[in-house]
Amino acid sequence: EDQVTQSPEALRLQEGESSSLNCSYTVSGLRGLFWYRQDPGKGPEFLFTLYSAGEEKEKERLKATLTKKESFLHITAPKPEDSATYLCAVQGANQAGTALIFGKGTTLSVSS
Amino acid sequence: NAGVMQNPRHLVRRRGQEARLRCSPMKGHSHVYWYRQLPEEGLKFMVYLQKENIIDESGMPKERFSAEFPKEGPSILRIQQVVRGDSAAYFCASSPGQGATDTQYFGPGTRLTVL
């Protein structure tokens, strides 16, 4: 069964304190791995798509990497506005359609 | 705002009533997905539709839930005879349908509360 596990569940950082969020996945034939950001009371906001092991993508203070078993979201010198829940999702080859399988997310709090 | 639109944003229903949730995809997008987010749970896929067709409803409960995406107008997720366990945030996403790994863009969600 396709599965996504994110860790830690919650992470508290001081402004400027870099860290990484982990997304471990089990999927039959990865077609894509997606990172989203979700603020309280809002819908997920798309950040990155990764397709193959070794791929990396960057956007401002965020960098996403992918291996055959997991993905990392690295946050460099975070600011309070980076506080949100970060969601990881995968799309597997055995999905009849293009359904995304989500992890439960990592809630990041950055204090100044 | 050219993003995915959902309405209503908040919906309160009493047990046994019907709930209708609407979703208008991003301009140029022809594929719509519905997900449900229960408290303390991750987002769960429900159904995937294209215009006038249900492509994948493997995540839809077998009873009381239905979805449509007509030729004209928004996609509708209908929940009949709601129960307290239906209380959740329901999100719609859309994609352009250009490939097997289309990026899905999400709307703001409808928060359903069943009294």
Side-chain angles (χ1 to χ4, degrees), chain A residues 1-7 9-10 21 23-52 55 57 59 64 66 71 84-107, chain B residues 1 3-7 9-10 21 23-26 29-50 53-60 67 69 88-111 113:
Chain A
E1 181 182 345
D2 296 347
Q3 196 169 2
V4 176
T5 303
Q6 291 188 247
S7 63
E9 289 185 17
L21 313 182
C23 170
S24 298
Y25 63 90
T26 304
V27 67
S28 301
L30 180 71
R31 293 199 301 197
L33 184 141
F34 302 80
W35 282 98
Y36 288 85
R37 167 189 171 133
Q38 186 174 24
D39 292 295
K42 297 191 176 181
E45 174 189 347
F46 170 72
L47 294 174
F48 303 108
T49 307
L50 301 168
Y51 295 105
S52 57
E55 191 174 359
K57 288 194 177 172
K59 179 181 178 181
L66 181 64
S71 176
T85 296
Y86 291 85
L87 302 173
C88 172
V90 297
Q91 208 171 54
N94 66 352
Q95 297 297 314
T98 57
L100 294 177
I101 301 168
F102 279 88
K104 292 187 178 182
T106 294
T107 299
Chain B
N1 186 348
V4 177
M5 296 175 63
Q6 291 188 248
N7 65 81
R9 295 292 308 279
H10 300 274
L21 288 62
C23 168
S24 296
M26 286 178 69
H29 286 192
S30 58
H31 295 209
V32 166
Y33 313 79
W34 286 93
Y35 292 81
R36 177 165 65 174
Q37 189 171 42
L38 293 165
E40 308 305 321
E41 294 287 329
L43 281 154
K44 301 290 186 187
F45 167 76
M46 299 180 75
V47 62
Y48 162 40
L49 310 103
Q50 297 177 21
N53 282 301
I54 297 174
I55 307 302
D56 177 6
E57 57 183 347
S58 59
M60 228 40 157
F69 189 15
Y90 292 82
F91 291 96
C92 168
S94 72
S95 73
Q98 293 174 345
T101 49
D102 272 352
T103 295
Q104 297 177 24
Y105 296 89
F106 284 79
T110 293
R111 278 144 189 88
T113 301

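Just so you know, these numbers use all the heavy atoms, side chains as well, and skip hydrogens, waters and symmetry mates. Naming convention: chains lettered A, B, ... in sequence-line order (proteins, then strands); numbering from 1 in each chain. No experiment lies behind these values; they were computed from the predicted model shown.
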Heavy-atom contact with chain A under 4.5 Å, split by part of B:E40: backbone

Is A:E45 close to chain B through its backbone or its side chain, or both, or neither, when contacts mean heavy atoms under 4.5 Å? neither

Here the gap from B:T103 atom OG1 to A:Y36 atom OH, rounded to the nearest 0.5 Å, amounts to 6.0 Å

Which atom names give the shortest non-hydrogen contact between B:F106 and A:P44, and what distance separates them? CB-O, 3.4 Å

Heavy-atom closest pair (A:G43 atom, B:F91 atom, distance to 0.1 Å) is CA-CE2, 3.4 Å

Point-to-point distance, once rounded to the nearest 0.5 Å, from CD of B:Q37 to CD of A:Q38: 4.5 Å

Taking all heavy atoms of B:E41 and all of A:K104, pick out the closest pair and write down the distance. OE1-CE, 4.1 Å

Can you sort out the partners of B:F69 under ring-ring contact (aromatic ring centres under 6.0 Å, His included), two or more places apart, ordered by chain and number? none

Contact between B:Y33 and A:L100 at the side-chain level, heavy atoms closer than 4.5 Å - yes or no? no

